[in-house]
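Remarks on the structure that follows.
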Amino acid sequence: MSIYQTHITDVLIVGAGLAGERIAVEAAMHGHDVILLSLVPPRRSHSTAAQGGMQASLGNCAMGEGDNPDVHFADTVKGSDWGCDQEVARLFVENAPLAVREMAIWGVPWSRVVAGQRKLPDGRVIEEKKEKEGLITARDFGGTAKWRTCYTADGTGHTLQYTMDSMVLKLGITVHDRTEAISLIHDGEQCIGVVARCLRTGDLRVYIAKTTVICTGGYGRLYSASTNAVINEGNGMFVALNTGVVPLGNMEAVQFHPTGMVPVWILITEGARGDGGYLLDKNLYRFMPDYEPKKKELASRDVVSRRMTQHMRAGYGVDSPYGPHLWLDIRHLGAQHINTNLREIANIARNFAGVDPVKDLIPVRPTQHYSMGGVRTNKDGAAYGLKNLFAAGEAACWDLHGFNRLGGNSLAETITAGRIIGKKVAEYTKDATISYNYKLVDDAVKEQENRIKALVHGWNGKENVYEVRNAMEKNLMDYVGIFRNGKDLQKAVDNLREVYHRSLKIGLRSNGEGPNPELAQALRMPGMVRLALCIAYGALMRTESRGSHAREDYPKRDDVNWLKRTLAYWPDGADLPELKYEPVKITELPPGDRGYGESSAQSKGGK
Amino acid sequence: MADRELTFEIFRYNPAKPEIKPRMQTYKLKETTGMTIFVALNMIREEQDPSLMFDFVCRAAICGSCAMIINGRPRLACKTLTSTLPRTIKLFPLPVFKLIGDLSVDTGTWFRHLSIRTESWVHTSKTFDPTKEEERMDNKIALEIYEAERCIECGCCIAGCATANIRDEFLGAAGINRVARFMVDPRDERTPEEYFEVVGSEEGAFGCMGLMACDDNCPMELPLQMQLAFVRRKIASIGLGIKQEKKIKMGIG
Ligand SMILES: Cc1cc2nc3c(=O)[nH]c(=O)nc-3n(C[C@H](O)[C@H](O)[C@H](O)COP(=O)(O)OP(=O)(O)OC[C@H]3O[C@@H](n4cnc5c(N)ncnc54)[C@H](O)[C@@H]3O)c2cc1C
Ligand code: FES
């Protein structure tokens with residue numbers, strides 16, 4: 001008989017980033033008991049690292065004038081390359097302004113409109129109106145028709161997360177940090193909670209809840225070069241996938257950010273280009289206007305990343321021991337602007353690359369950045385496949401972003417979805433009861449206990465966990481990157497299948513006792529490789545180019561055959577996901593030209 | 001800098017195995033260009049000792065997870081380049097905070113306790129009205145609030161503070177700074193007297209001995225001593241019975 005601590009609650013939220021905490025706040029305000037789990041103290045979640053900002057069509061600043069949810073909607077749908085769910089996009093754009101204003105009451109020190117004239121780096125002079133003074137302002141971000149990205153200096157994610165966490169404190173919500181959910185407890189029809197491992201002691205625990213919500217963020221760390229925090233390993237997604245009945249949506253949609261700093265892959269925020277930064281090649285030539293005359297450096301992320309790659313392939317990259325890269329130039333913005341508005345960028349460049357952006361160029365290259373795919377949910381945030389299970393934030397495929405997420409739309413998603421889905425969770429939980437067979441819980445724990453024993457004693461083999469991880473990262477990086485083709489993708493799938501079998505034969509080299517980090521990694525490994533296979537196999541099967549998914553052998557968007565979402569399932573005992581498809585919901589805006597980028601333009605009459 | 005062989009002397013202790021006493025363990029590593037303590041520790045864990053415990057999250061000096069004592073000083077390990085250090089690098093966990101194992105300490109619990117003690121949320125009677133536009137705020141005030149909110153709770157100031165090392169409940173520089181953050185926020189309706197309750201004691205603003213280690217050690221370069229002076233001045237004037245309107249003091253009438 002196992003001995004473990006059991007916690008019972010109304011709503012269990014796995015993940016305490018912005019999405020998780022916003023849902024927790026909503027559920028608690030509706031009177032529910034809530035427990036939040038997190039790998040790390042909530043304020044250390046990845047959301048804190050977002051610097052740029054959060055989109056909402058407030059239309060307060062001069063360059064945002066005339067903005068409204070309709071314009072935001074059109075940008076989001078175009079940005080997604082018509083891959084998103086338009087019903088969800090509509091809900092989102094209508095609610096984003098409320099989400100931003102609510103955060104202002106709760107304490108976010110949003111940057112505000114300052115009246116008067118201002119000269120932009122490109123020479124244009126704009127005038128902020130007196131009557132708008134003191135309202136929340138916005139900055140320019142890629143792929144948007146208006147300046148719509150609300151921000152707090154260079155610490156948007158930080159101030160949002162700290163404010164959200166202060167609400168969690170105020171409401172007295174229970175937080176168990178350093179706790180990792182390692183499996184869902186379910187009977188194939190309903191979810192009743194999770195088995196978790198305490199990262200302070202190594203003990204297993206059980207959490208039982210009427211409603212479980214997965215808010216575990218993205219999977220950037222499946223790739224070797226990623227801007228993501230090191231804890232972004234896709235945990236919640238594979239925990240859901242492992243049930244066999246919950247599908248993941250559009251896992252092949254992986255976003256690369258144009259400006260990851262070489263070689264540490266720390267993100268240089270889009271704010272740098274929004275504020276007027278340029279990209280230069282090895283001849284110090286500004287090449288983006290040649291490719292994208294209208295939007296230049298501020299075309300949508302997928303487009304800029306591809307143009308950069310294309311330019312480097314043409315031989316214009318700067319050689320370095322880490323491969324070719326390009327330069328980001330912000331020197332012309334001046335020391336004053338750089339040291340205040342772009343202070344974090346300046347610090348990052350100085351501390352991690354030893355360059356001073358006031359007088360030096362910053363080495364950059366496109367780097368894995370965001371996962372559009374995740375636990376597939378309906379518009380209420382309810383996961384497909386299991387009752388009582390919800391998902392939100394980057395871990396979910398709610399499907400606001402389709403095949404490409406616009407900068408600033410992700411922070412906005414976490415909080416806006418948090419509000420909307422939080423209400424749905426609260427309503428759902430009100431009417432829910434849990435009844436379950438105790439054996440179900442016991443079996444779920446035993447299964448994890450047995451996995452741990454096998455790893456510690458090397459019963460299944462002696463594979464080295466870090467070698468397995470490196471093999472997985474490399475395959476994704478080399479064959480499932482910015483440009484894709486059938487041959488490479490097939491290679492990735494074949495190799496990853498082999499890596500998957502190795503991941504089932506890991507044996508620890510240390511003793512696995514207490515909060516042992518090798519054991520934590522080993523427990524995640526098979527799930528991570530499953531995700532990698534969902535990405536690679538989904539990409540291999542999708543024979544078109546859409547948003548971030550760019551096939552060299554199928555360069556056009558193919559709306560006739562591929563206006564649909566991939567659903568990846570992992571059947572018991574399989575070593576490849578099973579793919580199904582569902583149509584994308586088009587309610588308002590029929591597929592058309594994005595107005596930038598190559599693939600979608602070609603699909604329209606071949607021009 | 002090329003070709004240096006680095007020697008890491010690392011504090012080891014696993015509370016799950018109390019029978020093995022705390023000790024120092026030595027690892028050798030070849031230095032690479034741009035190597036940080038983050039890179040080095042991960043190499044050691046992956047290639048030499050998979051049981052080694054330490055914490056990194058953002059690895060970009062944003063999240064505050066990785067503070068430790070590096071050659072005698074509390075610093076963020078992720079932004080410490082090995083090239084700035086001598087060949088022998090000694091790593092200890094932060095003092096004051098509870099040890100989880102090796103270099104990993106429980107800053108989360110400490111800071112949560114601090115937040116609850118100082119009631120670190122905006123105290124307001126206003127509720128959100130979705131039909132209204134946001135209340136206006138001077139951009140200067142917004143930036144001032146952000147200036148104090150930039151603290152990433154890494155614990156370097158606390159670890160380096162003599163008072164915090166001897167007095168359990170001392171709020172430390174991070175705590176005083178936290179209070180300052182809400183004091184400058186016009187949305188917070190707490191009166192100066194209410195703040196006095198929170199920080200007007202030896203556990204708060206008056207416990208500091210002025211050794212300045214917090215200021216020296218803050219990786220975010222927050223003006224911690226200035227914040228302390230600001231809070232002390234305010235608190236002292238309340239103590240002396242000098243009434244003042246918060247809003248007038250903040251200059252936003
Ligand atoms: C460097 C960078 C900058 C960015 N800048 C912007 C920006 O300017 N604007 C924008 O819109 N977007 C930005 N993004 C994207 C955005 O920050 C993220 O998509 C968003 O913050 C994700 O929030 P989340 O709540 O879904 O997840 P996260 O903030 O990643 O939180 C995940 C939570 O889940 C927990 N967790 C994970 N696994 C488990 C488990 N098994 N058990 C328990 N807990 C678990 C973690 O501890 C954490 O608390 C940026 C991303 C990066 C990488
Ligand atoms: S890992 Fe985030 S501050 Fe060092």
Side-chain angles (χ1 to χ4, degrees), chain A residues 40-41 43-46 48-49 98 100-102 104-107 109-114 133-137 152-153 155 158-159 162 166-167 169-170 175 177-178 200-202 229-231 263-264 266-267 321 344 347-348 351-354 465-466 508-511 513-518, chain B residues 14-17 33-34 36 45-47 49-65 79 81 100-101 104 106-109 111-112 115-116 119-122 124 126-128 130 132-139 141-146 149-150 152-153 185 187-188:
Chain A
V40 294
R43 293 176 183 207
R44 310 226 191 280
S45 295
H46 177 65
T48 313
L98 306 187
V100 165
R101 290 190 175 123
E102 189 171 50
I105 286 233
W106 290 351
W110 294 113
S111 292
R112 303 291 175 141
V113 174
V114 179
E133 182 143 59
L135 293 175
I136 296 169
T137 191
T152 30
H158 176 95
T159 55
Y162 273 53
S166 77
M167 290 301 290
L169 285 165
K170 181 180 172 187
V175 177
D177 68 352
R178 290 190 185 257
R200 286 186 176 81
T201 61
V230 299
I231 57 169
V264 286
I266 295 173
L267 177 88
E344 275 311 311
N347 284 341
I348 286 170
N351 293 326
F352 298 92
V465 63
Y466 297 109
L508 297 193
R509 286 171 298 153
S510 57
N511 60 20
E513 279 166 352
N516 180 290
E518 189 190 16
Chain B
N14 181 354
K17 294 232 106 188
T33 355
T36 59
R45 178 146 87 191
E46 294 186 13
E47 290 159 18
D49 192 339
S51 68
L52 187 62
M53 286 181 264
F54 50 78
D55 295 319
F56 290 94
V57 176
C58 70
R59 59 79 178 92
I62 297 173
C63 75
S65 301
K79 78 159 186 186
L81 291 156
I100 288 176
S104 169
D106 193 351
T107 45
T109 301
F111 276 100
R112 209 149 191 87
S115 288
I116 291 169
E119 302 195 2
S120 292
W121 50 85
V122 171
T124 176
K126 295 190 181 119
T127 50
F128 178 59
K132 280 220 184 90
E133 83 181 2
E134 63 274 17
E135 220 168 272
R136 291 172 196 247
M137 183 187 274
D138 192 300
N139 195 49
I141 307 270
L143 286 173
E144 227 172 279
I145 299 168
Y146 176 58
E149 189 158 315
R150 281 174 49 231
I152 57 173
E153 303 191 340
D185 194 331
R187 292 166 298 194
D188 194 289

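Just so it is clear, the values below take in all heavy atoms, side chains as well, and ignore hydrogens, waters and symmetry mates. In the text below, chain A, chain B and the rest are named by the order of the sequence lines, each starting its count at 1.
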Between R112(B), M53(B), K17(B), which residue shows the highest count of heavy-atom pairs closer than 4.5 Å to chain A?
R112(B)
Could you give the distance from OG (S51(B)) to CG (L508(A)), rounded to the nearest 0.5 Å?
10.5 Å
If you define the side chain from C-beta out and look only at heavy atoms, does anything of P109(A) sit under 4.5 Å from L143(B)?
no
For each of L81(B), T124(B), D106(B), tally heavy-atom pairs with chain A at distances under 4.5 Å, and name the one with the top tally.
D106(B)
pair F352(A)-R59(B): side-chain heavy atoms closer than 4.5 Å:
no
For a side-chain contact (heavy atoms from CB on, under 4.5 Å) check, start with the C-alpha distance between R187(B) and I105(A), then their side-chain angles and the critical distance, and finish with the verdict.
CA-CA 8 Å; R187(B) 292 166 298 194; I105(A) 286 233; over 6 Å; no
Smallest separation among heavy atoms of R112(A) and A142(B), with atom names
CG-CB, 4.4 Å
Largest heavy-atom contact set with chain A, pairs under 4.5 Å, which of I145(B), N139(B), V122(B):
N139(B)
Region of E46(B) in contact with chain A, defined by heavy-atom distances below 4.5 Å
both
Quick one: what part of D177(A) sits under 4.5 Å from any heavy atom of chain B, side chain, backbone, both or neither?
side chain
For the student: nearest non-hydrogen atoms of P515(A) and N14(B), plus distance:
CD-OD1, 4.1 Å
Can you tell which part of V264(A) gets under 4.5 Å to a heavy atom of chain B, answering side chain, backbone, both or neither?
backbone
Beyond-backbone contact of S120(B) with Y162(A), side-chain heavy atoms, under 4.5 angstrom:
no
Whatever's closer than 4.5 Å to a heavy atom in chain A on E133(B) counts as both
Before giving the answer on side-chain contact (heavy atoms from CB on, under 4.5 Å), spell out for K79(B) and I266(A) the whole-Å C-alpha distance, their side-chain angles and the decisive distance to 0.1 Å.
CA-CA 12 Å; K79(B) 78 159 186 186; I266(A) 295 173; over 6 Å; no
How far does CG of N516(A) sit from CG of L52(B), to the nearest 0.5 angstrom?
10.5 Å
Among G107(A), A229(A), G202(A), S111(A), single out the residue with the greatest number of heavy-atom pairs under 4.5 Å to chain B.
G107(A)
Using the test salt bridge (charged side-chain N to carboxylate O under 4.0 Å, His left out), find all partners of R101(A) that sit at least two apart in sequence or belong to another chain.
E134(B)
Note: vs chain A, highest number of non-hydrogen pairs under 4.5 angstrom among P15(B), G108(B), S65(B) is S65(B)
Please determine, among R45(B), K132(B), E47(B), the option with the most heavy-atom pairs under 4.5 Å with chain A.
R45(B)
Side chain, backbone, both or neither: which part of T201(A) has a heavy atom under 4.5 Å from chain B?
neither
Only counting residues at least two apart or in another chain, list the ones meeting salt bridge (charged side-chain N to carboxylate O under 4.0 Å, His left out) with E153(B).
R43(A), R178(B)
Is there a side-chain contact between T109(B) and P41(A) in this structure, where contact means two heavy atoms from C-beta onward sitting under 4.5 Å apart?
no
Would you check, one step at a time, whether the test side-chain contact (heavy atoms from CB on, under 4.5 Å) holds for D55(B) with R178(A)?
CA-CA 11 Å; D55(B) 295 319; R178(A) 290 190 185 257; 2.7 Å; yes
With a 4.5 Å cut-off on heavy-atom pairs, point out which of A60(B), C58(B), A16(B) contacts chain A the most.
A60(B)
Is the number of heavy atoms from other residues, nucleotides or ligands under 6.0 Å of E513(A) CD greater than 12?
yes
Among L169(A), L135(A), L98(A), single out the residue with the greatest number of heavy-atom pairs under 4.5 Å to chain B.
L135(A)
Can you tell me how far apart CD1 (I231(A)) and SG (C63(B)) are? Round to the nearest 0.5 Å.
8.0 Å
Return the minimal non-hydrogen interatomic distance between V230(A) and F56(B), and the atom names on each side.
CG2-O, 3.1 Å
What residue, out of P517(A), A104(A), G514(A), has the most heavy-atom pairs lying under 4.5 Å from chain B?
P517(A)
Applying side-chain contact (heavy atoms from CB on, under 4.5 Å) to E149(B) and T152(A), what does each step give before you reach the verdict?
CA-CA 11 Å; E149(B) 189 158 315; T152(A) 30; over 6 Å; no
From E102(A) CD over to T127(B) OG1, what is the distance, rounded to the nearest 0.5 angstrom?
10.5 Å
